[in-house]
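Here's the structure, in structure tokens; my notes come after.
Indexing begins at 1, ligand by ligand and atom by atom, following the structure's order. The analysis underlying the following values was restricted to heavy atoms, covering all of them including side chains, and did not include hydrogens, waters or symmetry mates.
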Amino acid sequence: MSSRLINFNVLGDERGSLIALEENHNVPFDVKRVFYIYGTQEGIPRGQHSHHKTKQLLIAINGGCKVTLDDGNKKETYTLNKPNVGLFQDALVWGTMHDFSNDCVLMVLADTYYDSNDYIRDYSLFLKTVE
Ligand code: T46
């Protein structure tokens, strides 16, 4: 499974919109954890790590940011600024979130419980791990 953008169906009616996320339907894994980051200071990047096992789905539910994904061979930068679009980040992919708008709320669904040992925070160790 490789990193990619996923479009969600927009539901709702004349009162407004609604998006439903369902594990193993439009979310491509079992969901064990949801967290969100917000209030990121201007010019500050976040992430800058990879995970051994964790897969993630990132959704800018308010505002926007960019996400650069790097699998050790190829880097691609995505713009997330729509609540109906998610970015699937596979395990062993280095992710950097940057260019946050002031009002950005980036919600992340993950298929693992939090475990600091799942993180690779050293880029040269990441490259050795994926080579
Ligand atoms: C990602 C970006 C978007 C927890 O206790 N539980 C958790 O589930 C997470 C994700 C973090 N933490 C603690 C660990 C640190 O003490 O929260 C603190 C900040 O975490 P971190 O430095 O990893 O934050 P970011 O914003 O650099 O990265 C996080 C996620 O780690 C990462 O997977 O995609 O948000």
Side-chain angles (χ1 to χ4, degrees):
M1 208 188 299
S2 56
S3 303
R4 63 188 183 279
L5 290 170
I6 298 175
N7 288 297
F8 307 121
N9 280 340
V10 180
L11 308 169
D13 51 35
E14 64 284 348
R15 296 167 299 162
S17 304
L18 183 152
I19 301 217
L21 301 174
E22 298 186 336
E23 64 178 6
N24 296 311
H25 288 175
N26 53 359
V27 179
F29 48 72
D30 292 335
V31 178
K32 291 280 196 316
R33 179 164 51 108
V34 177
F35 60 94
Y36 36 93
I37 63 172
Y38 58 96
T40 302
Q41 300 299 303
E42 199 178 333
I44 299 292
R46 300 188 70 161
Q48 297 183 293
H49 55 248
S50 160
H51 298 270
H52 288 287
K53 291 192 183 147
T54 302
K55 301 180 182 86
Q56 302 194 142
L57 182 66
L58 302 99
I59 307 162
I61 54 172
N62 195 64
C65 68
K66 292 185 178 173
V67 181
T68 299
L69 298 183
D70 172 359
D71 65 5
N73 286 310
K74 194 166 66 91
K75 287 184 193 179
E76 194 148 358
T77 297
Y78 301 86
T79 298
L80 293 182
N81 57 12
K82 294 179 186 147
N84 65 320
V85 176
L87 176 62
F88 173 71
Q89 178 185 357
D90 212 340
L92 291 176
V93 171
W94 188 268
T96 303
M97 298 78 201
H98 52 102
D99 291 296
F100 286 85
S101 64
N102 286 337
D103 58 350
C104 183
V105 180
L106 182 66
M107 184 173 78
V108 182
L109 285 66
D111 71 337
T112 60
Y113 296 113
Y114 178 70
D115 176 4
S116 60
N117 293 319
D118 186 51
Y119 282 67
I120 307 174
R121 293 190 181 271
D122 179 307
Y123 188 68
S124 49
L125 178 60
F126 163 71
L127 289 179
K128 276 189 202 140
T129 307
V130 295
E131 76 186 8

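- With hydrogens and angles ignored, the 3.5 Å screen pairs a side-chain donor or acceptor of D118 with a backbone N or O of K53.
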Pick out the protein N or O atoms lying less than 3.5 Å from any N or O of ligand 1, and list each pair with its distance.
| unit_1 | atom_1 | unit_2 | atom_2 | d |
| --- | --- | --- | --- | --- |
| ligand 1 | 8 (O) | R33 | NH1 | 2.6 |
| ligand 1 | 23 (O) | R121 | NH2 | 3.1 |
| ligand 1 | 26 (O) | R46 | NE | 2.9 |
| ligand 1 | 26 (O) | R46 | NH2 | 3.3 |
| ligand 1 | 27 (O) | G47 | N | 2.9 |
| ligand 1 | 31 (O) | Y119 | OH | 2.6 |
| ligand 1 | 33 (O) | H49 | NE2 | 3.2 |
| ligand 1 | 33 (O) | H51 | NE2 | 3.1 |
| ligand 1 | 33 (O) | Q56 | OE1 | 2.8 |
| ligand 1 | 34 (O) | Q56 | NE2 | 2.8 |

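- T68 pairs with exactly one of Q48, E76, H98 by the side chain to side chain donor-acceptor pair (under 3.5 Å) rule, that one being H98.
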Where do Y78 and F88 land on the ring-ring contact (aromatic ring centres under 6.0 Å, His included) test, with the steps shown first? CA-CA 11 Å; Y78 301 86; F88 173 71; over 10 Å; no
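- Under the salt bridge (Lys or Arg N to Asp or Glu O under 4.0 Å) criterion, E23 pairs with no residue, sequence neighbours left out.
- Judged by distance alone, the side chains of N24 and D30 do bring a donor and an acceptor atom under 3.5 Å apart.
- Counting heavy atoms of neighbouring residues, nucleotides and ligands inside a 6.0 Å radius, atom CG of N9 does not exceed 12 of them.
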